[in-house]
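First up is the structure itself, then whatever we jot down about it.
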Amino acid sequence: MRKWMIWMVCLGLGLGPCVRAFAMDGSKTVTVWEEGQDRAPDEGQPATAQPPGGEQPAQPKSPDEGQPAQTKSTNGEQPAQPDPLKLNAQSAVLADGLTGRVLYGKGEDTIRPMASTTKIMTCILALELGDPDDVVTATKEAAGQPKVHLGVQSGQTFYLKDLLYSLMLESHNDAAVMIAEHIGGSVPGFARLMNEKAKALGCENTYFITPNGLDAKETDEAGVEHVHSTTAADLARIMAYCVNLSPKRQEFLEITQTQNYFFTDVPGKHSYNCTNHNAFLTMMDGVVSGKTGFTGGAGYSYVAAMEKDGRPYVIAILGCGWPPHKTWKWADARKLFNFGLEHYQMKDVYEEQRFSPVPVTGGLCWDDGSGAGTDQVSLTMGQESAGRELKLLLGEDEQVEIRQNLPVRLAAPVRAGQKVGTVEYRLNGQTVRSFPVYTENGVEQITLKRCLLRVGALFGGLWEGQRPAG
């Protein structure tokens, strides 16, 4: 009786993510929900998930409900931040689906665990680095993954394509490990690929340890402890890449938009059926992709993409309550997408640029037949600049600043087609796109030999002109 009283006190204090409660004397443990389970027992059931209709959930949430112990801000402390949308999530972001620019944020730079939203990175890497027809063999480690799982047996074989549907529709943890081991050679090897990709995409506050998103931490060679984690802003940037920028974006969308998928193992002895648990895919017009997630440490998480009337948006939601509040993430998702649709329009801000010639020092300033008789160069943005577009989601009062970053002068030699500067498009003090600027012509460097040859040519011409005819 005493331990149950302690458990109820914990709930009363808002300690939602505590997965186990203990009696005062440290005796028997009472499990509130199973640790390591990818989603709560009722998570992601499309039949029961109802559209929130923009209403606030009936039950209020404490601002710090379920704050996991490993969560930390990038600056050590979460600053006070206005939240006009009154979101349930501890961290959330709405971003431009092409540039990743944050349009609305709440704790968007706070580092948090992200559960199975991790799998969007697992999927896109497998699509880019693997072959759908690859045969993948289950290892003991893969077969030993906790629920939610496909239930593979060690030695069982599957096609990579089928495992990707298992990964993204049902969020199977064993499928994620099989994919990771096949692509990266091992789970740590695949995690390195995940982290390299995250860095390449500009995600500075993301650290992957597992391919399935189960809560994890590790200590690197330098003795620094890392938690499997990201930020809402980083997660949105990864999603934007998956659906709009990756060379395999169409394949990614095809998988994540599929409602039901049937497959067998390679020998055809066992059959499987997968159902898409992204209920929000049919809740709001324009939603094109998404991935849910849940662990005891992360709470409910969600990442999704929308394209409507030519306007691409992505959202990321982290720490959006714990059981039984599985629908809170849908309410937050609707609010974020509606905010974007109401306040941002797509505009083409690209402008053709004119450049003044740039003087060149130390170059030939005469024409000796080589076409280098100039001491300045003209600039261009290249032939591909004709018909170029730069479409951005802009608020009503937002203006783009165009900045030319060009040299005052250049030193010879200068090659035709040499990159010498950039044109930056800036919004709210940040660069959203940069285009290179090239030289149209070149200038050779002046040398003693070229000077002597030039002097000789000049005097030779004079001598020829003064010789008597005949």
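Values reported hereafter were calculated over all heavy atoms of this structure, with side chains retained and with hydrogens, waters and symmetry mates removed.
Checked by atom type and distance alone, the side chain of Gln353 pairs as donor or acceptor with a backbone atom of Glu351 at under 3.5 Å. With Arg334 contributing its side chain and Ala331 its backbone, the two residues share no donor-acceptor pair below 3.5 Å. No side-chain donor-acceptor contact under 3.5 Å links Arg192 to the backbone of Gly184. Trp322 contributes a side-chain N or O that, together with a main-chain N or O of Gly296, makes up a donor-acceptor pair within less than 3.5 Å. Without hydrogens or angle criteria, Lys329 side chain to Lys326 main chain gives a donor-acceptor distance under 3.5 Å. Panel note: side chain Gln257, backbone Val288; a donor-acceptor pair is recorded below 3.5 Å. No donor-acceptor pair closer than 3.5 Å links the side chain of Asp332 to the backbone N or O of Leu87. The backbone N or O of Asp162 sits nowhere less than 3.5 Å from a side-chain atom of Ser166 that would complete a donor-acceptor pair. Judged by distance alone, the side chain of Lys106 and the main-chain N or O of Asp83 form no donor-acceptor pair under 3.5 Å. Under the 3.5 Å distance criterion, the side-chain polar atoms of Asp265 are matched with a main-chain donor or acceptor of Lys269.
A salt bridge does not link Lys347 to Glu398: none of the charged nitrogens lies less than 4.0 Å from a carboxylate oxygen.
Between Ser289 and Met239 the shortest heavy-atom distance is OG-CE, 3.4 Å. Across every non-hydrogen atom of Met178 and Ala138, the tightest pair is CE-N, 3.6 Å. The two atoms that bring Arg237 and Gly100 nearest to each other are NH2-O, 4.2 Å, heavy atoms only. A pairwise comparison of heavy atoms in His182 and Asp134 identifies NE2-OD2, 3.0 Å as the closest pair. Between Ala126 and Leu160, the shortest heavy-atom distance links the atoms O-CD2, 4.2 Å. Nearest heavy-atom pair, Val187 versus Pro211, reported as atom, atom and distance to 0.1 Å: CG1-CD, 3.8 Å.
Looking at Thr110 and Gln90, their side chains never bring a donor and an acceptor atom within 3.5 Å of each other. Checking Asp234 against Asn205 by side-chain atom types alone, no donor-acceptor pair falls below 3.5 Å. Counted by atom type alone, Glu396 and His343 present zero donor-acceptor pairs between their side chains at under 3.5 Å. Defined by atom type and a distance below 3.5 Å, a donor-acceptor pair is present between the side-chain atoms of Thr422 and Asn405. Residues Asn276 and Tyr261 have side chains that never bring a donor and an acceptor to within less than 3.5 angstrom of each other. Lys291 and Thr118 form no side-chain donor-acceptor contact under 3.5 Å, judged by distance and modelled atom types alone. Checking Arg426 against Thr431 by side-chain atom types alone, a donor-acceptor pair falls below 3.5 Å. Using modelled atom types and a 3.5 Å distance limit, the side chains of Tyr302 and Asn278 yield a donor-acceptor pair.
Scored by the side-chain hydrogen bond (donor to acceptor under 3.5 Å, both in side chains) test, Asn195 finds no partners at all (sequence neighbours excluded). Partners of Asn260 by side-chain hydrogen bond (donor to acceptor under 3.5 Å, both in side chains), not counting sequence neighbours, listed by chain and number: Thr275. Applying the side-chain hydrogen bond (donor to acceptor under 3.5 Å, both in side chains) test to Lys197 and every residue at least two apart in sequence or in another chain returns Glu128, Tyr241.
Here Phe208 and Phe190 keep their ring centres 6.0 angstrom or further from each other. For His228 and Tyr207, the gap between ring centers reaches or exceeds 6.0 Å. In summary, the aromatic rings of Tyr313 and Tyr344 are positioned with their centroids too far apart to meet the 6.0 Å limit.
Under a cut-off of 6.0 angstrom, the local environment of CD in Gln418 is crowded, with over 12 non-hydrogen atoms contributed by other residues, nucleotides or ligands.
To the nearest 0.5 Å, the span separating CG on Leu390 from CG on Asp348 amounts to 7.0 Å. In this structure, Leu94 CG and Ile317 CD1 are separated by 10.0 Å, a value rounded to the nearest 0.5 Å. Taking CG of Leu125 as the reference point, atom CD1 of Ile179 lies at 10.5 Å (rounded to 0.5 Å). Rounding to the nearest 0.5 Å places CG of Leu214 at 7.5 Å from OG1 of Thr295. Taken from OG in Ser301 to CE in Met114, the straight-line distance is 9.0 Å, to the nearest 0.5 Å. The distance from the CD atom of Glu251 to the NZ atom of Lys161 is 10.0 Å, given to the nearest 0.5 Å.
Aromatic ring orientation, Tyr350 versus Phe435: perpendicular (interplanar angle above 60°, classes split at 30° and 60°). Ring geometry for His325 against Trp328 counts as parallel: the plane angle stays under 30°, on a 0 to 90° scale with 60° as the upper cut. Between Tyr272 and Phe263, the two ring planes are parallel [angle under 30°; tilted spans 30° to 60°].
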